[in-house]
Novice: 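A single structure is presented below for examination.
Keep in mind that this is a model prediction, so the values were computed, not measured.
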Amino acid sequence: MFFVLPFSIIDSAREKQSNPMDAVAGETVKPSTPLLSAATSTSSLSSTSSEADDSPATSHRFELLDVKGQLSCVTVSGSHSYRPLAVLSGHIGSVSCLALCGEFILSASQGKDIIVWQQPDLRLFTKFGQGDGSVKALVTVGNKVFTAHQDSRIRVWKVSRSSENVFRLVDTLPTTKDYLGKFMKQSNYVQTRRHHKKLWIEHADSISCLAAENGLIYSGSWDKTLKVWRLSDLKCLESIKAHDDAINGLVASKGIVYSASADGKIKAWGKEGKSSHSLKGILEGHKDVSLNSVVVSEDGKWVYGGGSDGFVMGWEGSGNFASWKVVNETKAHQMAVLCMSLMGEILCSGSADKSIGIWKREAYGKLSKFGVISGHEGPVKCLQASPSNVGGGFLLYSGSLDKSIRVWWVSKHSVNRDDGASPRENTVKNSIVLC
């Protein structure tokens, strides 16, 4: 039995290439609930396709790497399984962030544009956000998309069923109402640098990361602050002087938000009832090493941080952060770890060395090498795993400074090596990029 992805073949020459891997049994993917009706999606796609200025020609939108559109659970000489599926191009700048939004995958770039790709065929659906400044982070909540920008503002987009402009700008944070309620009081201003003040609801530098949970939006910035916004009315509730250096990463889980910083620390913030957020614990990384990203397991038991020294560090604990301990220090890459994504027991790490490391969480939080994926021509800046189960694995999207997004299939199950090959040798066998 073959698992067949509904991909159409764009490059006919690719059909002539031989497939180096044999397909085995897979399972059907259950499609995610679409945000838009089929009729709306079709009409919007048609209007986008007809505007040559807004999108590249169809044949250049993406390039399939899987010759017959078949997804295989592959093992070659006992090596671990992963597979390149597609390369998506269309951004005019480096890809900075990725996010899932119902049936769509969103990608944003330093080139000030946001592209919406429709799953599962990976067609370019539409673009939005042009001219609103370099995009640093994306997060989706329901039918809203929040984008963080280098101009220190957060823009709010609504997925609209009625408008041809499917992703419609509805507000900017801080909101005008928030400004008007605070700008008259001198006590609402804080000094951001010498002879310069801003309202405490404003970020004073680029917003680098976003997270969302329990009706709240969190924003982390190079200005070292963590701000908390209420989703219902978009009001800024808190501004926390969180770190001694830039905040690079945020993740929220089970009422706790974790912030990773260039000061080498991951801090955990939580709140009780209607009270403000308070510091719950500090996880210390290597001395004088920036922590660029942070992920947490679904049960909140393990936290992993990626550092500028190429290490992935892991901590294990419970609600009492005083008892947390380091359980993993893995030299994952030769250069800085820039991003991570956690899917069950599989942790993926993207690096400035242009590779993606695949790691399996073993007992007590220790990471073991699962494989290394190569293909990007620039540092891997962002990763996004899709939760849908696909043929015993999952889809992984990676964005790079080479302006491309690559799509990979990654197995959830390791395979015992029986050919005596080293992990690196097995990695090379399975990292063949057909483009």
Novice: Against L122, only a single residue in I405, L395, V407 fulfils side chain to side chain contact (heavy atoms under 4.5 Å, CB included); can you say which?
Specialist: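 Testing each of I405, L395, V407 against L122, the sole residue satisfying side chain to side chain contact (heavy atoms under 4.5 Å, CB included) is V407.
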Novice: For W269 and S259, run side-chain contact (heavy atoms from CB on, under 4.5 Å): C-alpha distance rounded to whole Å, both residues' side-chain angles, the deciding distance at 0.1 Å, then the answer.
Specialist: CA-CA 8 Å; W269 309 88; S259 56; 3.0 Å; yes
Novice: Ignoring hydrogens and angles, tell me if any N or O in the side chain of E213 forms a donor-acceptor pair with the backbone of G255 under 3.5 Å.
Specialist: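 Present.
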Novice: Distance only, no hydrogens: is a donor on one side chain within 3.5 Å (strictly under) of an acceptor on the other, for H149 and S134?
Specialist: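 S134 and H149 do not have a side-chain donor-acceptor pair below 3.5 Å.
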Novice: Is it the case that the side chain of S206 and the backbone of S208 share a donor-acceptor pair, with hydrogens and angles ignored and the cut-off at 3.5 Å?
Specialist: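 No, S206 side chain to S208 backbone: no donor-acceptor pair under 3.5 Å.
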Novice: Quick one: pull up CG in N248 and NE2 in H243 and give me the separation to the nearest 0.5 Å.
Specialist: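 Answer rounded to 0.5 Å: 9.0 Å.
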Novice: Is the gap between the ring centers of Y189 and H196 under 6.0 Å?
Specialist: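 That pair fails the under 6.0 Å test.
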Novice: Quick one, Q110 with H91, criterion side-chain hydrogen bond (donor to acceptor under 3.5 Å, both in side chains). Give me CA distance, side-chain angles, the key distance, then yes/no.
Specialist: CA-CA 9 Å; Q110 307 282 11; H91 283 293; over 6 Å; no
Novice: Could you tell me how the ring of W359 sits relative to the ring of H333: parallel (under 30°), tilted (30 to 60°) or perpendicular (over 60°)?
Specialist: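 Taking H333 first and then W359, their aromatic rings stand perpendicular (interplane angle over 60°).
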Novice: Between S261 and A246, which heavy-atom pair has the shortest distance, and what is it?
Specialist: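 Scanning both residues, the minimum pair turns out to be OG-O, 2.8 Å.
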Novice: What about the rings of W157 and F128, do their centers lie closer together than 6.0 Å?
Specialist: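 Yes, they do, as the ring centres are separated by less than 6.0 Å.
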Novice: Donor-acceptor pair, distance only, cut-off 3.5 Å: does the side chain of T330 make one with the backbone of A332?
Specialist: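 Absent.
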Novice: Looking at K136, I'd like to know if its NZ atom is crowded, meaning that more than 12 non-hydrogen atoms belonging to other residues, nucleotides or ligands lie closer than 6.0 Å.
Specialist: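 It does: K136 NZ has more than 12 such atoms within range.
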Novice: Is there a donor-acceptor contact under 3.5 Å from the side chain of S404 to the main chain of S89?
Specialist: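 No; judged by distance alone, with no hydrogens or angles, the pair does not exist.
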Novice: With rounding to the nearest 0.5 angstrom, report the CZ to CD distance, R230 to E238.
Specialist: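 Going from CZ on R230 over to CD on E238, the span is 11.0 Å.
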Novice: Within the 4.5 Å heavy-atom criterion, are W117 and L88 side-chain neighbours or not?
Specialist: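 Yes, their side chains come closer than 4.5 Å.
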Novice: Might you confirm whether atom CD of E272 has over 12 heavy atoms from other residues, nucleotides or ligands at distances under 6.0 Å?
Specialist: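 Counting other residues, nucleotides and ligands, CD of E272 stays at 12 neighbours or fewer.
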Novice: Using 30° and 60° as the class boundaries, would you call the ring planes of Y218 and H277 parallel, tilted or perpendicular?
Specialist: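 Rings of Y218 and H277: perpendicular, over 60°.
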Novice: State whether the side chain of D245 and the backbone N or O of K224 hold a donor-acceptor pair below 3.5 Å, judged by distance alone.
Specialist: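 Judged by distance alone, no pair lies under 3.5 Å.
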Novice: A quick test of your reading: do over 12 heavy atoms of other residues, nucleotides or ligands sit less than 6.0 Å from CD of E298?
Specialist: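 For E298, atom CD is not crowded (no more than 12 foreign heavy atoms under 6.0 Å).
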Novice: Between L250 and G220, what is the shortest heavy-atom contact and its length?
Specialist: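 Answer, listing the atom of L250 first, then G220: CD1-N, 3.4 Å.
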Novice: If you count every heavy atom of other residues, nucleotides or ligands that lies below 6.0 Å from K403 atom NZ, does the total exceed 12?
Specialist: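 No, the 6.0 Å shell around NZ holds no more than 12 heavy atoms from other groups.
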Novice: Can you give me the closest heavy-atom contact between V303 and Y258, atom names plus distance?
Specialist: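 Smallest heavy-atom distance, with atoms named: CG2-CE2, 3.7 Å.
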Novice: How far does OG of S398 sit from CD1 of I356, to the nearest 0.5 angstrom?
Specialist: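 S398 atom OG to I356 atom CD1 measures 3.5 Å (nearest 0.5 Å).
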Novice: Do D171 side-chain atoms and V156 backbone N/O form a donor-acceptor pair below 3.5 Å?
Specialist: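 Side chain of D171 to backbone of V156: no pair is present.
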Novice: Are any side-chain N or O atoms of S355 and backbone N or O atoms of V372, one a donor and one an acceptor, separated by less than 3.5 Å?
Specialist: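 No, S355 side chain to V372 backbone: no donor-acceptor pair under 3.5 Å.
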Novice: What heavy-atom pair brings K197 and Q191 nearest, and what distance separates the two atoms?
Specialist: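 For K197 versus Q191, the nearest heavy atoms are CG-CA, 3.9 Å.
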Novice: Check whether K366 reaches the backbone of E329 with its side chain - one donor and one acceptor, N or O, closer than 3.5 Å.
Specialist: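 No; judged by distance alone, with no hydrogens or angles, the pair does not exist.
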Novice: Please name the residue in the list N292, L383, L401 that meets the side chain to side chain contact (heavy atoms under 4.5 Å, CB included) test with L338.
Specialist: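 For L338, the side chain to side chain contact (heavy atoms under 4.5 Å, CB included) test succeeds with only one of N292, L383, L401, which is N292.
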Novice: What is the distance from atom CZ of F104 to atom OG1 of T140, rounded to the nearest 0.5 Å?
Specialist: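 If we round to the nearest 0.5 Å, F104:CZ and T140:OG1 are 12.0 Å apart.
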Novice: At their closest point, which heavy atom of V159 faces which heavy atom of C101, and how far apart are they?
Specialist: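 Residues V159 and C101, closest heavy atoms: CG2-SG, 4.4 Å.
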Novice: Looking at N328 and V312, would you say the former's side chain and the latter's main chain have a donor-acceptor pair under 3.5 Å?
Specialist: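 Yes, because the side chain of N328 sits within donor-acceptor range (under 3.5 Å) of the backbone of V312.
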Novice: Quick one: which of L216, V228, L226, I240 gives a side chain to side chain contact (heavy atoms under 4.5 Å, CB included) with V257?
Specialist: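 Only one option passes, and that is L226.
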Novice: With a sphere of 6.0 Å drawn around NZ of K241, does it hold more than 12 non-hydrogen atoms of other residues, nucleotides or ligands?
Specialist: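 Count over threshold, so yes.
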Novice: Would you check, one step at a time, whether the test salt bridge (Lys or Arg N to Asp or Glu O under 4.0 Å) holds for K354 with E377?
Specialist: CA-CA 6 Å; K354 308 178 186 179; E377 297 176 1; over 6 Å; no
Novice: Do you know which of D113, V95, T147 makes side chain to side chain contact (heavy atoms under 4.5 Å, CB included) with V135?
Specialist: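 Of D113, V95, T147, side chain to side chain contact (heavy atoms under 4.5 Å, CB included) with V135 is met by T147 alone.
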Novice: In Å and rounded to the nearest 0.5 Å, what is the OH to CG distance from Y179 to L199?
Specialist: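 Reported value, rounded in 0.5 Å steps: 6.5 Å.
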Novice: Would you say S290's side chain and S308's backbone share a donor-acceptor pair under 3.5 angstrom?
Specialist: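 No; zero donor-acceptor contacts below 3.5 Å.
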Novice: Between D223 and K227, does at least one N-O distance fall below 4.0 Å, as a salt bridge requires?
Specialist: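 K227 and D223: not salt-bridged.
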Novice: At what distance, to the nearest 0.5 angstrom, does OG of S109 lie from CD1 of I92?
Specialist: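 So the OG of S109 and the CD1 of I92 are separated by 6.0 Å.
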Novice: Could you report the tightest heavy-atom contact between A268 and I256, atom names first, then the distance?
Specialist: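 Smallest interatomic distance, heavy atoms only, reads CB-CG2, 3.8 Å.
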